[in-house]
Amino acid sequence: MDLDRRRKPIRKAVIPVAGLGTRLLPITKSVPKELLPVVDVPAIQVVVEECVNAGIEEVIFITGRGKGGVEDHFDYNYELEQILQQRGKFEELERVRSISSLIRTIAVRQKKPLGLGHAVLCARDVVDNEPFVVLLPDDLISSEPSVTKQLIEVYEKYGQGVVSLMPVSDREVSRYGIVTGENWAPGLHRVRTIVEKPDPEITPSRLAVIGRYLLPPTIFDYLEGLEPDHTGEIQLTDGLARLARERALVGYEFSGRRHDIGDKLGFVTANVSYALRRPDMGPLLLEYLRRKVAEADADGQ
Ligand code: UTP
């Protein structure tokens with residue numbers, strides 16, 4: 001598996017945010033889903049902090065219509081800072097400023113939502129000829145170390161592209177890209193194929209690709225050669241399948257708890273889960289939840 005011991009460092013992250021977020025309508029009619037809160041922090045900030053903690057130096061947002069707020073969140077807001085300063089709200093001022101200085105950001109416009117594969121391809125000129133990570137901000141994964149860091153560690157060992165994998169139930173396979181391959185070490189697979197959203201009856205496995213990837217720059221050649229699928233979108237899965245076939249691709253079963261916040265229930269459970277871990281509100285929320293469960297039990301629900 002290991003073809004090259006001289007690794008290029010992973011410095012850049014691509015975060016596609018140009019999708020329409022139809023599963024969360026109507027809120028996403030005017031609010032980018034990436035700015036929806038995880039308690040009091042926009043989801044995109046949680047993902048960008050994951051990049052910073054993994055040693056990434058530059059984040060490339062693939063943006064679309066109405067997504068300007070994502071860039072603004074990481075920019076300085078002088079007017080707000082001035083007012084906070086004047087009012088002596090120094091803690092808030094520090095919080096707001098620290099977001100702006102988190103990391104260097106670049107925005108590339110995807111003029112039409114032509115699919116995740118097309119969104120990643122939009123980053124080609126900025127990424128240039130180096131390996132990079134892709135993070136889908138719908139997927140919030142809490143783990144220590146972060147999944148991005150885990151992928152970088154696998155890459156440093158094996159020198160190949162890596163996708164994050166998670167076992168899903170039979171019922172769920174039709175919502176994911178599902179891999180087949182050989183398991184050669186605990187949690188590590190040589191990926192042979194990826195099937196997009198298979199029927200549960202004919203699924204080749206139950207290992208689903210989740211929204212963290214570490215990709216070599218050759219992925220751009222594979223994506224460029226792809227035709228749109230029947231929905232008119234260029235799928236990242238098809239580019240990954242070619243990479244797996246013609247070069248190599250490692251599947252890595254990460255450890256961590258994942259929430260799909262692009263889905264209504266996932267959005268709510270992510271908020272509950274993150275709030276429960278916060279010392280300022282966790283105990284009170286737990287008390288409230290216990291009360292609700294007791295009430296529901298009493299009602300026989
Ligand atoms: P999803 O399909 O999960 O997001 O794409 P979506 O299209 O926004 O959501 P639904 O299914 O309509 O509710 C995964 C990621 O790829 C980005 C999305 O923003 C999301 O982060 N994406 C998708 C793009 O940047 N461009 C696209 O053309 C499609």
Side-chain angles (χ1 to χ4, degrees), residues 12-38 42-48 50-51 59-71 73-74 105-127 132-141 147-148 163-164 166 168 172-178 194 196-197 208-215 219-220 223-224 226-240 258-270:
K12 298 181 181 178
V14 173
I15 307 186
V17 299
L20 298 176
T22 54
R23 282 171 297 156
L24 289 178
L25 280 168
I27 181 67
T28 43
K29 185 178 174 202
S30 55
V31 180
K33 66 175 166 183
E34 298 77 14
L35 292 182
L36 292 178
V38 182
I44 191 72
Q45 188 181 323
V46 178
V47 174
V48 166
E50 179 176 331
C51 294
V59 162
I60 302 149
F61 294 124
I62 310 301
T63 69
R65 181 178 294 277
K67 300 279 183 162
V70 172
E71 287 166 74
H73 184 70
F74 297 95
T105 58
I106 292 179
V108 177
R109 184 88 169 193
Q110 185 190 25
K111 292 187 181 169
K112 284 185 183 172
L114 294 176
L116 178 57
H118 179 260
V120 172
L121 189 52
C122 289
R124 182 173 205 162
D125 289 347
V126 189
V127 168
F132 60 104
V133 284
V134 177
L135 294 91
L136 304 190
D138 279 3
D139 281 334
L140 291 190
I141 311 168
V147 178
T148 299
V163 291
S164 58
M166 182 182 89
V168 295
E172 290 173 314
V173 290
S174 57
R175 287 171 31 200
Y176 295 93
I178 299 290
I194 309 182
E196 188 66 13
K197 303 185 170 95
V209 179
I210 303 301
R212 297 290 183 276
Y213 314 80
L214 191 155
L215 300 172
I219 191 69
F220 295 124
L223 289 172
E224 202 155 59
L226 289 176
E227 292 293 324
D229 67 2
H230 66 281
T231 66
E233 293 196 340
I234 292 177
Q235 300 294 351
L236 180 60
T237 298
D238 295 339
L240 295 174
R258 176 245 187 188
H259 296 276
D260 176 8
I261 58 158
D263 166 82
K264 285 175 192 175
L265 184 60
F267 171 73
V268 174
T269 55

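Since the model is a prediction, treat every value here as computed from it, not as a measurement. Whatever order the structure lists ligands and atoms in, that order sets their numbers, starting from 1.
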>> Tell me whether Gln110 reaches ligand 1 (any heavy atom closer than 4.0 angstrom to a ligand atom).
In response: yes

> Which ligand 1 atoms are under 4.0 Å away from a heavy-atom of Leu116?
Replying inline: 16 (O), 29 (C)

> Near Leu114, which atoms of ligand 1 are under 4.0 Å from a heavy atom of that residue?
Replying inline: 28 (O)

> Do Gln45 and His73 have side-chain N/O donor and acceptor atoms under 3.5 Å apart?
Replying inline: yes

> Atom OG1 in Thr148, atom OH in Tyr213: separation rounded to 0.5 Å?
Replying inline: 12.0 Å

>> Please check: side-chain N/O of Arg212 versus main-chain N/O of Leu136, any donor-acceptor pairing under 3.5 Å?
In response: yes

> side-chain contact (heavy atoms from CB on, under 4.5 Å) with Val133: which of Leu214, Val59, Val14, Val147?
Replying inline: Leu214

> Taking only heavy atoms of Ala119, which atoms of ligand 1 are found under 4.0 Å from at least one of them?
Replying inline: 24 (C), 25 (O), 26 (N)

>> Tell me if a side-chain donor or acceptor on Lys33 pairs with a main-chain N or O of Gly19 at a distance below 3.5 Å.
In response: no

> Any donor-acceptor pair under 3.5 Å linking the side chain of Lys264 with the backbone of Leu25?
Replying inline: yes

> Heavy atoms of the protein only: does one fall short of 4.0 Å from atom 2 (O) of ligand 1?
Replying inline: no

> Could any protein non-hydrogen atom be found less than 4.0 Å from atom 28 (O) of ligand 1?
Replying inline: yes

> What do you reckon, does Pro137 have a nitrogen or oxygen under 3.5 Å from a nitrogen or oxygen of ligand 1?
Replying inline: no

>> Please report whether the ring centroid of Phe74 lies less than 6.0 Å from that of Phe61.
In response: yes

> Out of His118, Lys33, Arg23, whose heavy atom is nearest to atom 6 (P) of ligand 1?
Replying inline: Lys33

> Which part of Val17 is near ligand 1, with near meaning a heavy atom under 4.0 Å away: side chain, backbone, both or neither?
Replying inline: backbone

> Backbone or side chain, does any N or O of Asp138 fall under 3.5 Å from an N or O of ligand 1?
Replying inline: yes

> Which residue owns the protein heavy atom closest to atom 25 (O) of ligand 1, what's the atom, and how far is it?
Replying inline: Ala18 N, 3.0 Å

> Quick one: which ligand 1 atoms are inside 4.0 Å of a heavy atom on Thr22?
Replying inline: 10 (P), 12 (O), 13 (O)

>> So, taking the atom named CD1 in Ile106 and the one named OG1 in Thr63, what distance separates them when rounded to the nearest 0.5 Å?
In response: 12.0 Å

> Can you check whether Leu24 has an N/O within less than 3.5 Å of an N/O in ligand 1?
Replying inline: no

> Judging by distance only, is a nitrogen or oxygen of Gly19 under 3.5 angstrom from one on ligand 1?
Replying inline: yes

> Which residue holds the protein heavy atom closest to atom 21 (O) of ligand 1, what is that atom called, and what is the gap in Å?
Replying inline: Pro16 O, 2.9 Å

>> Is any side-chain heavy atom of Thr22 closer than 4.5 Å to one of Thr28?
In response: no

> Quick check: does Lys112 get an N/O under 3.5 Å from an N/O on ligand 1?
Replying inline: no

> Hey, is the main chain of Val126 close enough, under 3.5 Å, to the side chain of Lys12 for a donor-acceptor pair?
Replying inline: yes

>> Counting only nitrogen or oxygen atoms and a 3.5 angstrom limit, does Gly115 reach ligand 1?
In response: yes

> At the 4.0 Å heavy-atom cut-off, does Glu34 count as touching ligand 1?
Replying inline: yes

>> Would you say that Pro228 contacts Leu114 through its side chain, given a criterion of any heavy-atom pair below 4.5 Å between the two side chains?
In response: no

>> Can you name the atoms of ligand 1, numbered from 1 with element, that are less than 4.0 Å from a heavy atom of Pro113?
In response: 28 (O)

>> Which residue and atom name correspond to the protein heavy atom nearest atom 14 (C) of ligand 1, and how close is it?
In response: Leu136 CD1, 4.1 Å

> When only distance counts, is Gly21 in polar contact with ligand 1, meaning an N/O pair under 3.5 Å?
Replying inline: yes

>> Rounded to the nearest 0.5 Å, what separates atom CG in Leu121 from atom CD1 in Ile234?
In response: 7.0 Å

> Any side-chain heavy atom of Asp260 within less than 4.5 Å of one from Arg23?
Replying inline: yes

